[in-house]
Amino acid sequence: MDTSSPAVFVNAELLKMYQGRRVRAVVQVMRNEGGLIVGQSTDGHQLTVKVSQAFPLSHFVEVIGIADGNQSIRAEICTDFGDTYDTLAYNGLCQLANGKFKNLFL
Amino acid sequence: MYGSQFDGGASLFSGGGFMPSQATQTPESSFSKSRGAQGVLPLTVKQISEAYHSNDDKSNFVVDGVDASNVRLRGLVMNKVEKVTDVTFTLDDGTGRIEVHRWVNETSDTNEMALIQNGMYVTINGSLKGFQGKKHVVAFSVRPVIDFNEITLHFIECIHVHLENTRPKVLGGVSAQVQANPISGTVTPRTPVSNQFSSRSSSSGSETDFYKLVLDVFQEPANLAREHGLHVEEVARLLGLPMEKIKDAIDYHVDVGHIYSTIDDNHYKSACNG
């Protein structure tokens, strides 16, 4: 087993704290710009994600990759979560996983 | 042909209840085991990495003081390798990676595993094993995640179960246990204990609280169920307190008769369980 490179649950707010680290976030696709997704994070901010494929508009996409800017992620793995997703619950989990219960995740 | 038939027979034989651990089990221990059965514990890989072996049983792990032999994990499948008798892959749940083995005996097992591909989110129910210091999971079932909200749910469940298992047990809970077990009624009257203690050596109230903290560890149902009780080091690790203090508290509880030593001078068990 290996826990050396975890992917931290983040929203746009938490992303800033993990520059250069591995993160995971869910974004709702607003635009595809050729190798780039512009999407909305679970806390309602705009994020750009460098990807290798396009995703359907308004779909929720989970991105696992490296945080390479305050509002940007370089994706390694993308999973289409479909067109409905409970962003409120996910955002709550981001906060719990970085707060009181960090020791269960990192 | 003969060879494969023989192999089939051999695997049936070894899987058919001729496990040494069962054969040598005493009636009491199997009783306490069924009583202590926890079902499936939702965990993160990070939590498993910190789980430690309980000393009395080779295959048992403990997380938050609770037996973690059956676990549920949810994450991405990587490096899937199919062999004749089993399928192995790495599960990455974002907190870490762990090896998973799935034995394929029946056609239904093969069909289930054929669906699983690299990059897929899956839910695994399985048993946690340790082999040469390396932990892995032997899965009973591996199923694709269809509703991705389940990923959020899984981690929220991990937090919930962690909270539930680490919550300080309130006195009410212990007294309910006392009522259920007449023998312990003579053993756990709280107030006389602290009086007795303060007359024995005039220490501060915080030290009595500390003694109670140590006793509470022994009183936890999962620990009561263990045949050999707890190792001193486990108690120290659970409470995150220095060994000398723990040993001091244990000496006290042994003197008073709350706990007793089991297989050696490092293992103690609550007298509460009869």
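First the proteins, then the strands, lettered A, B, ... as listed; each starts at 1.
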If you count heavy-atom pairs within less than 4.5 Å of chain A, which of B:C158, B:G96, B:G94 leads? B:G94

Got a donor-acceptor contact below 3.5 angstrom from the A:D86 side chain to the B:N149 backbone? no

Could you grab the distance from atom CG of A:L106 to atom OG1 of B:T95, nearest 0.5 Å is fine? 8.5 Å

Cationic N near anionic O, under 4.0 Å, A:R22 to B:D92: yes

Which label fits B:F148 and A:F81: parallel for a plane angle under 30°, tilted from 30 to 60°, or perpendicular past 60°? parallel

Does any heavy atom of chain B fall under 4.5 Å from the side chain of A:F60, the backbone, both, or neither of them? neither

Atom NE2 of residue position B:H160 - does it have more than 12 heavy atoms of other residues, nucleotides or ligands inside 6.0 Å? no

With chain A, the option among B:E99, B:K135, B:R97, B:E50 that has the most non-hydrogen atom pairs under 4.5 Å is B:R97

Using heavy-atom distances under 4.5 Å, tell me whether A:N91 contacts chain B through its side chain, its backbone, both, or neither. neither

Value rounded to 0.5 Å, distance of CG in A:L96 from CD1 in B:I159: 4.5 Å

With a 4.5 Å cut-off on side-chain heavy atoms, are B:K46 and A:L104 touching? no

Picking from A:Y85, A:Y90, A:F9, which has the most non-hydrogen pairs under 4.5 angstrom with chain B? A:Y85

Measure distances from B:L163 to the heavy atoms of chain A and classify the residue's part below 4.5 Å as side chain, backbone, both or neither. side chain

Does a side-chain heavy-atom distance below 4.5 Å link A:F101 with B:H162? yes

Using non-hydrogen atoms only, which part of B:L76 is less than 4.5 Å away from chain A: side chain, backbone, both, or neither? side chain

In this structure, are over 12 heavy atoms from other groups packed under 6.0 Å from A:L88 atom CG? no

Minimum side-chain heavy-atom gap A:R24-B:I151 below 4.5 Å: yes

